[in-house]
There are 2 protein chains.
Amino acid sequence: MKYEAITIKDIAKDLGLSTSTVSRALRGSYEISAETRKLVLEYAEKLNYRPNPIALSLKEKRSRSIGIVVCEIANNFFSQVINGIESVAYKKGYYVIISQSHESFEREVANTQYLASRSVDGLLISLSTETTDLSHLNKLHDKGLPIVFFDRITEEMSTHKVIANNFNGAYQATEHLIREGFRRIAHLTISPHLSITKERLAGYKAALADHHLPYDESLVQYCKYGGLIDAETMEAVDNLLALKEKPDALVAASDKLSTGCLAALARRKVRVPEEMAIVGFTNSLLTDIFHPALTSVRQPAFEMGQVAMEMLIDLIESKHPITKFETRVLNTELSVRSSSLKV
Amino acid sequence: MKYEAITIKDIAKDLGLSTSTVSRALRGSYEISAETRKLVLEYAEKLNYRPNPIALSLKEKRSRSIGIVVCEIANNFFSQVINGIESVAYKKGYYVIISQSHESFEREVANTQYLASRSVDGLLISLSTETTDLSHLNKLHDKGLPIVFFDRITEEMSTHKVIANNFNGAYQATEHLIREGFRRIAHLTISPHLSITKERLAGYKAALADHHLPYDESLVQYCKYGGLIDAETMEAVDNLLALKEKPDALVAASDKLSTGCLAALARRKVRVPEEMAIVGFTNSLLTDIFHPALTSVRQPAFEMGQVAMEMLIDLIESKHPITKFETRVLNTELSVRSSSLKV
DNA sequence: ATGAAAGCGCTAACAT
DNA sequence: ATGTTAGCGCTTTCAT
């Protein structure tokens, strides 16, 4: 009942050669006569021989495949990053295995372990909101597994990292709202310990400070699951609406939070931007057809994927252990649409 | 520089046992004394021993992993299907490997071959728009690799399949528009040879016929890449707008086509639904915040994933070769919103 | 109840 | 230039 592939042994037997000769001929070793090589290659071609990557992995402890761990693929930002990763991987002959943590620490651990045990040559990871303990990654990293972090990174590990300029992105978003004349600007964000949360919060605070606006903690709402759970976003928005001094504008820190709060405000019949202006971190391609058109901070997601994959290949293919690591910061882009315009 | 995992050999050496004893103890063979078993299990636990799935795959020619091939993951429908697949896989102890064809036949072939050579125990696939030749799948299937098709299926292979009731979905969408009073209803759809295209087109035609409306070929626009390429959707919409007798309504046959034509119409300053009403096949969760709110035919994507995975596990775990195959048809759901209402 | 050894597909060190 | 053999981690038959 199972796929029986052609093996090197089959070829060897049929041709009356040894497996090692066949193996060498196949990989073009110079010690094989042109004649034999041609014979083997043609016969292999005829039989549509494909080397068994499992056997190769077992032998070589490498697989020319890399693992990706993200929280969700049903997310514009992450699916664009993945496409960037794939574009480089494909060119360089690496296969990509995608897995989702669904923002669960447990799933993240299970996925990384599985990928490692499957001999991936490296790991590209954006941490789940639940993750604070990094021992699962540290262990693998200490044992030599190349890891590159993107987007949701950690200070606790020395390796290559790629992020968007989250500070600037949030700063620009906030400043834009201030310049439009909004004064009580809320910030809807993710789990407080995530790197992106901290960076974006800092940008938001800095813009307020630079424009002499007070920082009011009650205007910052944390959504542990970053928009994955509708009720959570709804509650955060309700909290803001319940304040004695309601905010007049809002910076949403993620893709799902942006659309989620747009939906939540619609359900609460709050007009955007009249009663609440919005700028959202989002990579949605649909910002123009939202109601209202959504002002966005776009992250260079595809590029982030490309850079991350290139960095990972650097680590994987480097002859010498690398000790000097780099954190690349890519610029975000603010696109102003009607959701953030003073009327 | 590579992850060196604990092996059965390490345990055997440390404990002064043979590898076979350790192996048997680990898998709870009854021929091992309770004492030895306990010793081994505890020691393995202490060392955090994990069996090497690569070695297992090589030996057993199975991997407890399954492969998914979809055109794109950056797509509400497919990412929801994948989540459905994962939910069942996780429960049943299967690992899921996701790959994208990007609507390219070549990539689809490469992906299926790679997955097969990686000893996946089965394949879940939704065909690319380019695919007409099925020999890559037929070969694998003939050699015993279990395959389940979902969404974009083929008549040419006998195996389990899951689809939405595309005929009904399109019928209901079209009929709804007719009942609202629209008379020239266009159909924006994907590649003509895809199963879903045929089924939806048939539903559209049937609704027209049942309501004594003429079928006009010029009202059907095919987008080979199903919305993947913006320019293509734009052109199709322009074609419709250029007709001497413009349509007053439109049924879009996919997720990306629905949002794509909403965007295209906005760019052409065509008001929806006043000048053109729309019903779209979409699983977007954002239909309410589109402008205007988008009437949708929703497919039970998560459920489709669950059913597909259950069917695949049936095939994989069946003791006897299965010869009686099933095509499950799941109901769609029409949700009326403002984009399709006569004003 | 336990061990020795073969074998899954492949590569590479070591013969010849 | 080609063959023999060991070994990657594991299971499993065959001995004991």
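The sequence lines fix the lettering, A, B, ..., with proteins before strands; numbering per chain opens at 1. On a predicted model such as this, the values are computed, not experimentally measured, just so you know. No hydrogens, no waters, no symmetry mates; every other heavy atom, side chains included, goes into these values.
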- Message: Between B:Ser18 and C:dG3, is there a contact of a side-chain N or O with OP1 or OP2 at under 4.0 Å?
- Response: yes
- Per the end-axis method with five pairs at each terminus, what is the bend angle of the helix from C:dA1-D:dT16 to C:dT16-D:dA1, to 10°? 60°
- Item | Pairwise distance OG(B:Ser79) to CG(A:Asn75) - rounded to 0.5 angstrom |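 B:Ser79 OG to A:Asn75 CG: 9.5 Å, rounded to 0.5 Å.
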- Out of curiosity, A:Gln113 CD to A:His136 NE2, how far, rounded to the nearest 0.5 Å?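 Between atom CD of A:Gln113 and atom NE2 of A:His136 there are 8.5 Å.
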- Does A:Arg118 make a cation-pi contact with B:Tyr95, if we ask for NZ or CZ under 6.0 Å from the ring centre and within 45° of the axis? no
- Separation of C:dG7 P from A:Lys13 NZ (nearest whole Å):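 Interatomic distance, NZ of A:Lys13 to P of C:dG7: 13 Å.
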- Rounded distance (Å) that lies between atom C1' of D:dG9 and atom CD of B:Glu60: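 The distance from CD of B:Glu60 to C1' of D:dG9 comes to 12 Å, rounded to the nearest Å.
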- Task: Could you please name the option among C:dG9, C:dT11, D:dG9 that lies closest to any side-chain atom of B:Lys61?
- Result: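 Looking only at side-chain atoms, B:Lys61 lies closest to C:dG9.
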- Task: Please tell me which of the listed nucleotides, D:dG9, C:dC10, D:dC10, lies nearest to the side chain of A:Asn52?
- Result: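 Closest nucleotide among those given: C:dC10.
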Please write out each protein N/O paired with an N/O of nucleotides 5-7 of chain D under 3.5 Å, distance rounded to 0.1 Å.
from  : atom 1 : to      : atom 2 : distance (Å)
D:dG7 : N2     : A:Lys59 : NZ     : 3.0

- So what does A:Leu17 touch, heavy atoms closer than 4.0 Å: a base, only the sugar-phosphate, or nothing? sugar-phosphate
- Hey, which of B:Val162, B:Ile163, B:Leu137, B:Thr327 is the one that makes side chain to side chain contact (heavy atoms under 4.5 Å, CB included) with B:Phe149?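 Answer after filtering B:Val162, B:Ile163, B:Leu137, B:Thr327: B:Leu137.
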- Message: salt bridge (charged side-chain N to carboxylate O under 4.0 Å, His left out) for A:Glu310 and A:Lys91? Distances and angles first, verdict last.
- Response: CA-CA 11 Å; A:Glu310 279 160 7; A:Lys91 251 181 272 166; over 6 Å; no
- Does anything in residues 21-40 of chain A reach DNA chain D, meaning a heavy atom under 4.0 Å, and if so which residues?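 Within this stretch, A:Thr21, A:Arg24, A:Glu31, A:Ile32, A:Ser33, A:Thr36 sit under 4.0 Å of the strand.
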